[in-house]
Amino acid sequence: MPPKKMARVTKTAASSDDDSETVSSVKKTAGGKKRTAASVETGHNTESSMSPSSRQYCHWLMKSEPESRFESGVDVKFGIEDLKALPNKTSSWDGVRNYQARNFMRQMQEGQLAFFYHSNCKEPGIAGIIKIVKEAYVDHTQFDKKDVHYDATSKPNNPKWSMVDVQYQRMMKRYLPLSELKKYHLQHRSKGGPLKDMTLFTRARLSVQPLTTEEFDFVLSLEDKDPL
DNA sequence: GCCAACGTTGGC
DNA sequence: GCCAACGTTGGC
């Protein structure tokens, strides 16, 4: 596995958010390569007809920090350019230590797309698009005492944390700053529109989050528009 | 660097 | 199971 992804995340441990694997979905793990993600690529599916808890998402947003920052002496920098520079432009997304974020990763299916979001930097925003190329499997860094995201409370016979593999797809035609997305969010919140409930704003600290097809498509459409 | 928001911990 | 203290996230 590649570098250190970042996906920071709190170090939690048990929590209320279900530690459940159960939650719908999810795949099998490890060998994972199989499974064709059937419905997946179509992008659409049932979202509108399901309750939030059972909804199956097919688009995601994953945060990482493109600028150097040291955590326990280790640089957690990992921007989209760093992903692009790796062999096969692919990396595991390890280090997520938040149950909600983990559960979303466990719902991801091979072939689904995600926005690569740059956080904690000069200009936060969406930098490009990545694809899920391997579904959730055990994040080995949780057992590595040397790793920044080591979790002493997780045991190999019952791992707590998962990761997926992602592959670089492309840069956005233009960088989409958080500030611009926020303007749309506020606008849509008052007058209606696809970004009115976007998780990026309603649960700002979540490092892995879902987007509805409507949200994803709207954000994509901004590439061809002038900045607000 | 500040600090608001919010998830987690742990006493009770 | 409540909730205050604490730690982290991440925009600004």
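Sequence lines set the chain letters: A, B, ... in the order given, protein chains first and strands last, and positions in each chain run from 1.
The distance from atom CD of Q209(A) to atom P of dT9(C) is 15 Å, rounded to the nearest whole Å. As a whole-Å value, the separation of L200(A) CG from dG11(C) C1' is 11 Å. We find that CZ of F104(A) is positioned 12 Å from P of dG7(B), with the value rounded to whole Å. Put simply, CD on E67(A) is 14 Å from P on dC12(C), counting in whole angstrom units. Straight-line distance from the CG atom of L178(A) to the P atom of dT9(C): 17 Å, rounded to whole Å. Between the NE2 atom of H149(A) and the P atom of dT8(C) there is a distance of 11 Å, rounded to whole Å. Taking atom CD on E180(A) and atom P on dC12(C), their separation rounds to 14 Å, with Å as the unit. A straight line from CZ of F201(A) to C1' of dG11(C) spans 11 Å, rounded to a whole angstrom.
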Please report the C-alpha distance between F116(A) and H118(A) in whole Å, then the side-chain angles of each, then the deciding distance to 0.1 Å, and finally whether the ring-ring contact (aromatic ring centres under 6.0 Å, His included) criterion is met.
CA-CA 7 Å; F116(A) 193 115; H118(A) 280 172; 5.5 Å; yes

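No side-chain heavy atom of Q109(A) sits less than 4.5 Å from a side-chain heavy atom of I132(A). Taking the side chain as every heavy atom from C-beta outward, Y184(A) and M198(A) never approach each other to under 4.5 Å. The shortest side-chain heavy-atom distance between V164(A) and S92(A) does not fall under the 4.5 Å cut-off.
Two rings, from F115(A) and F216(A), have their centers less than 6.0 Å apart.
Remark: K146(A) is not positioned above the aromatic ring of Y150(A), lacking an NZ or CZ atom under 6.0 angstrom from the ring centre and at most 45 degrees off the axis.
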Any N/O pairs under 3.5 Å between the protein and nucleotides 4-6 of chain B? List them or say none.
from, atom 1, to, atom 2, distance (Å)
dA5(B), N3, R205(A), NH1, 2.5
dC6(B), O4', R205(A), NH1, 3.0
dC6(B), O2, R205(A), NH1, 2.5
dC6(B), O2, R205(A), NH2, 3.1

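Backbone-only contact: K182(A) has heavy atoms under 4.0 Å from sugar-phosphate atoms and none from a base. If you check every strand for non-hydrogen atoms under 4.0 Å, Y117(A) touches sugar and phosphate atoms only.
The side chain of K63(A) contributes an N or O atom lying less than 4.0 Å from OP1 or OP2 of dG10(C).
D151(A) and R97(A) are not joined by a salt bridge, as no carboxylate oxygen comes within less than 4.0 angstrom of a charged side-chain nitrogen.
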